[in-house]
2 protein chains.
Amino acid sequence: MPQLAEVFRVHGFEGASLSRIRAETGLGKGSLYHFFPGGKDEMAAAVLADVDAWFLREVFSPLDSLPPEEGLALMWRAVDGYFASGRRICLVGAFALDATRDRFAAAVCGYFERWIASLRGALLRAGLANARAAALAEDLVLSIQGALVLSRALREDAPASHKDTVFSRALRRMQDEVGQALKRPPA
Amino acid sequence: MPQLAEVFRVHGFEGASLSRIRAETGLGKGSLYHFFPGGKDEMAAAVLADVDAWFLREVFSPLDSLPPEEGLALMWRAVDGYFASGRRICLVGAFALDATRDRFAAAVCGYFERWIASLRGALLRAGLANARAAALAEDLVLSIQGALVLSRALREDAPASHKDTVFSRALRRMQDEVGQALKRPPA
DNA sequence: AAAATGGTATACCGATCGGTAAACAAAGCG
DNA sequence: CGCTTTGTTTACCGATCGGTATACCATTTT
């Protein structure tokens, strides 16, 4: 399943041909269609569900139920780890850009809505005003996606130099932004 | 050429099959290969060059040569118009996400580097400190890309309601950020 | 009018696409 | 042991892929 996800991440939905999937997973065509009778669509849907489950467990739930500061700290760690400091992109974001979005509209839309909602909730509980929490939550999720795009565009996938990439810089900037917002009185 | 660009934008490089291109442009296969003997790669390269030229003319050059406030104002207008308030995505950003990036690495990388550099230059000339200008320029370009991803993910391509979309909100927030940075002494 | 030019339409190529079917292997279980 | 279940292999399907070749058409040039 991780390998399956990787194929979609690297090549996109259209670019993830069955032969590439076979090569990456080592499974024959028959095996793939045994597990996913619905074909490529079902594979992609399963991967999306898997991603969603991971984020639900590692990001959304902590944001919802833990003290906001803890939840936020966990989110930054999880995001930096999951996206490999910008070397790996967001599958959902990639699907959102092309026509693939229409096929998996519910999953794509739900993923981002949920993320923003959980983040907004945590920020609210951390003391931010309603409007400010909503705006900041949206801005943070949006910036993460943008950082992934830019990080990949500038070819920062060198195995070394984890430190000063666009993604790491952006992540630090976001944390600062949250920190300042929580210290200061809501604007 | 605009139609050609649209096919790549909507379907991505892999999803932009020659038959779809033919359908969209109305040209026969022969005509396409007459103008682009190099096939799909050359078409995509031409589209990328076209996009780059447009941004050079409408965004980068104004940022470089006009007074910074004017250049910035033009950029916001151009960006909002070009991306149709979030209803149209950035072709270069989309290419950057999947394996297509490797094929057009130079163009993709150059596009973003140039954008950030021009923006940084304008911010510098507007009075920002070196580090702050660089960080803000990166953050703005990154946020635009993120706003496009999120805007599409949340299906905000309804023809009506131009006003309060994720993209419009994000654009306004960025303008505020720049405005505040220019007013205040550099942090 | 003849020839060359710029562009188009069409048929076709091998390769690969996503997907199906059937034969087969290996356990699980009575 | 036989029988089913679970999974894999393999061959194959029609459709479509990107790309080529050729014939054709409309100008323009000579």
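We name chains A, B, ... by the order of the sequence lines, and we start the count at 1 in each one.
For the pair A:E14 CD and D:dG18 P, the interatomic distance rounds to 10 Å; values are reported in whole Å. Rounded to whole angstrom, the span from the CE atom of A:M43 across to the P atom of C:dG18 amounts to 9 Å. Between A:L18 atom CG and C:dG18 atom C1' there is a gap of 5 Å when expressed in whole angstrom units. Taking atom NE2 of A:H11 as the reference point, atom P of C:dT16 lies 15 Å away to the nearest angstrom. When rounded to the nearest whole Å, the span between CD1 of A:I21 and C1' of C:dT16 equals 14 Å. D:dT22 atom C1' lies 16 Å from atom OH of B:Y33, rounded to whole Å. One atom, NZ of B:K40, and another, P of D:dT20, lie 14 Å apart when rounded to the nearest Å. Nucleotide C:dT8 holds its P atom 11 Å from the CZ atom of B:F36, rounded to whole Å.
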Atom pairs under 3.5 Å: protein N/O with N/O of nucleotides 5-10 of chain D:
residue, atom, partner, partner atom, Å
D:dG7, OP2, A:H34, NE2, 3.0
D:dT8, OP2, A:S31, OG, 3.2
D:dT8, O5', A:S31, OG, 3.2

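A single hydrophobic cluster is not seen to contain both A:V10 and A:W54; linkage of ILVMFWY side chains at heavy-atom distances under 4.5 Å, directly or through other members, places them apart. The cluster map of Ile, Leu, Val, Met, Phe, Trp and Tyr, joined by side-chain heavy atoms under 4.5 Å apart, puts B:L182 and B:L140 in the same cluster. Cluster annotation: A:L124 is not connected to A:M75 through the hydrophobic network of ILVMFWY side chains, with a link wherever side-chain heavy atoms come within less than 4.5 Å.
Contact check, B:S17 against D:dC17: a side-chain N or O comes under 4.0 Å of OP1 or OP2.
When only modelled atom types and interatomic distance are considered, A:S118 and A:R114 share a side-chain donor-acceptor pair under 3.5 Å.
Using a cut-off of 4.0 Å between Lys/Arg side-chain N and Asp/Glu carboxylate O, A:R172 and A:D164 are scored as salt-bridged. Classification of B:R20 and A:E14 as a salt-bridged pair holds, one side-chain N sitting under 4.0 Å from a carboxylate O. At a threshold of 4.0 Å, the pair B:R132-B:D139 does not count as salt-bridged, since none of the basic side-chain nitrogens sits closer than that to a carboxylate oxygen.
Summary for the helix from C:dA1-D:dT30 to C:dG30-D:dC1: the axes at its two ends, each from 5 pairs, differ by 10° when rounded to the nearest 10 degrees.
Between A:W115 and A:Y111, the two ring planes are perpendicular [angle over 60°; tilted spans 30° to 60°]. Taking the six-membered ring where the residue is Trp, B:F55 and B:F83 present tilted rings, their angle falling between 30° and 60°.
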